[in-house]
Amino acid sequence: MTLSTLVPPHVAWQTGALKNGPVIRKTTDIAALAGVFADTKSWQRCEPGQAVYDVDVLQTETCEGALFTGVTHVHPGRVGDEFFMTRGHFHARREQGEVYFGLRGCGLLLLQNERGEARVEIVTAGSVHIIPGYTAHRLINTGGEILSALAVWPTVAGHDYATLSDGFSVRIKTDGTGWRAEASHD
Ligand code: S6P
Ligand code: ZN
């Protein structure tokens, strides 16, 4: 009998570094996040090439039932009072969920349903976040170190950024030592 033995991809739990697999990295810089942060004047003063977050995704075949695995690294930083964060999205296939696992750093996972009701979960090394379908999600780095989280999601899920082009209903800002939540559209 011949049994093939493959070396699987590997994630370093302390850093989120992926190896042993074809990985595609996408970096999102400040310039790409026009309209995402509330304080436009502070956003204009930022270095345009400043990286806000990197996403590494293992290349995977895409079909119904297949899963993507990726790591998001959100850099520490702020635009005005607002912490660096991902753009945030619903899945294009709304019923599709996702799981995030905190790896390092500290931050928040902002979740929002289709009625605009938001909640947050605290992300730390080892935290597990089950994102149901019909739920938009955004990672926010409230700490001084890189925030890294592993995610697994269906390859058919897709991204819908347009529905939240006016932003989430809540913004997370510094209160000097920690964070505070502020309603966006008051
Ligand atoms: C994909 C998953 C993550 C995000 C990444 C960047 O479903 O939720 O890989 O794509 O955290 O966030 P965004 O909102 O820019 O796609
Ligand atoms: Zn997602």
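Indexing begins at 1, ligand by ligand and atom by atom, following the structure's order. Residue numbers count from 1 along this sequence.
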Identify, by atom number and element, the atoms of ligand 1 in contact range of [X], meaning under 4.0 Å from any of its heavy atoms.
{"X": "H137", "result": "8 (O)"}
{"X": "H91", "result": "7 (O)"}
{"X": "H159", "result": "1 (C), 7 (O), 10 (O), 16 (O)"}
{"X": "W153", "result": "1 (C), 7 (O), 9 (O)"}

Decide whether an N or O pair under 3.5 Å exists between G88 and ligand 1.
->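 Yes, since at least one N or O of G88 sits under 3.5 Å from an N or O of ligand 1.
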Distance from [atom] to nearest protein heavy atom, with residue and atom:
{"atom": "atom 15 (O) of ligand 1", "answer": "Y53 OH, 2.5 Å"}
{"atom": "atom 4 (C) of ligand 1", "answer": "H89 CE1, 3.6 Å"}
{"atom": "atom 2 (C) of ligand 1", "answer": "E98 OE2, 2.8 Å"}
{"atom": "atom 12 (O) of ligand 1", "answer": "T86 CB, 3.6 Å"}
{"atom": "atom 3 (C) of ligand 1", "answer": "Y100 OH, 3.6 Å"}
{"atom": "atom 16 (O) of ligand 1", "answer": "Y161 OH, 2.5 Å"}

Would you call H73 and T27 a side-chain contact if the rule is heavy atoms closer than 4.5 Å?
->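 In short, these two side chains do not touch, never coming nearer than 4.5 Å.
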Taking the side chain as every heavy atom from C-beta outward, state whether V99 and H129 have any atom pair closer than 4.5 Å.
->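 V99 does not reach H129 side chain to side chain.
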For E98, what is the atom name of its N, O or S atom nearest to the Zn ion (ligand 2)?
->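 Minimum-distance N/O/S atom of E98 relative to the Zn ion (ligand 2) is OE1.
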Heteroatom of H137 nearest to the Zn ion (ligand 2) (N, O or S, atom name) |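 Looking at H137, the N, O or S atom with the least distance to the Zn ion (ligand 2) is NE2.
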Calculate, to the nearest 0.5 Å, the distance between atoms CG and OG1 belonging to L111 and T135 respectively.
->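 Reported to 0.5 Å precision, the distance equals 6.5 Å.
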Output the distance between atom CD (E98) and atom NE2 (H91), rounded to the nearest 0.5 Å.
->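 If we round to the nearest 0.5 Å, E98:CD and H91:NE2 are 4.0 Å apart.
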Can you establish whether the number of heavy atoms outside Q14 located under 6.0 Å from its atom CD is more than 12?
->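 No, the 6.0 Å shell around CD holds no more than 12 heavy atoms from other groups.
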Answer yes or no: does atom CD of E117 have more than 12 heavy-atom neighbours from other residues, nucleotides or ligands under 6.0 Å?
->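 Correct, the count exceeds 12.
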Location of contacts on F68 toward ligand 1, heavy atoms closer than 4.0 Å |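 F68 to ligand 1: no contact under 4.0 Å from either part.
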So does H89 have any N/O/S atom less than 2.8 Å away from the Zn ion (ligand 2)?
->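 A backbone or side-chain N, O or S atom of H89 is under 2.8 Å from the Zn ion (ligand 2).
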Going by heavy-atom distance to atom 11 (O) of ligand 1, choose the closest among V55, T72, V71.
->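 The option holding the nearest heavy atom is T72.
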Run the salt-bridge test on E182 and K173 with the 4.0 Å N-O cut-off and return the result as yes or no.
->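 The answer is yes: the pair qualifies as a salt bridge.
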Ion pair present between D56 and K26, side-chain N to carboxylate O less than 4.0 angstrom?
->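 So D56 does not pair with K26 through a salt bridge.
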Aromatic plane relationship, F84 with F37 - under 30° parallel, 30 to 60° tilted, over 60° perpendicular =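 Because their plane-to-plane angle lies in the 30° to 60° range, the rings of F37 and F84 count as tilted.
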Mind telling me whether H137 and Y100 have parallel, tilted or perpendicular rings, with 30° and 60° as the class edges?
->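 Y100 and H137: perpendicular rings.
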Is it possible for you to check whether R94 lies under 6.0 Å from the centre of the six-membered ring of F90, through NZ or CZ, and within 45° of that ring's axis?
->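 R94 over F90 ring: yes.
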Heavy-atom contact under 4.0 Å between G70 and ligand 1?
->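 Judged by the 4.0 Å heavy-atom criterion, G70 does not count as contacting ligand 1.
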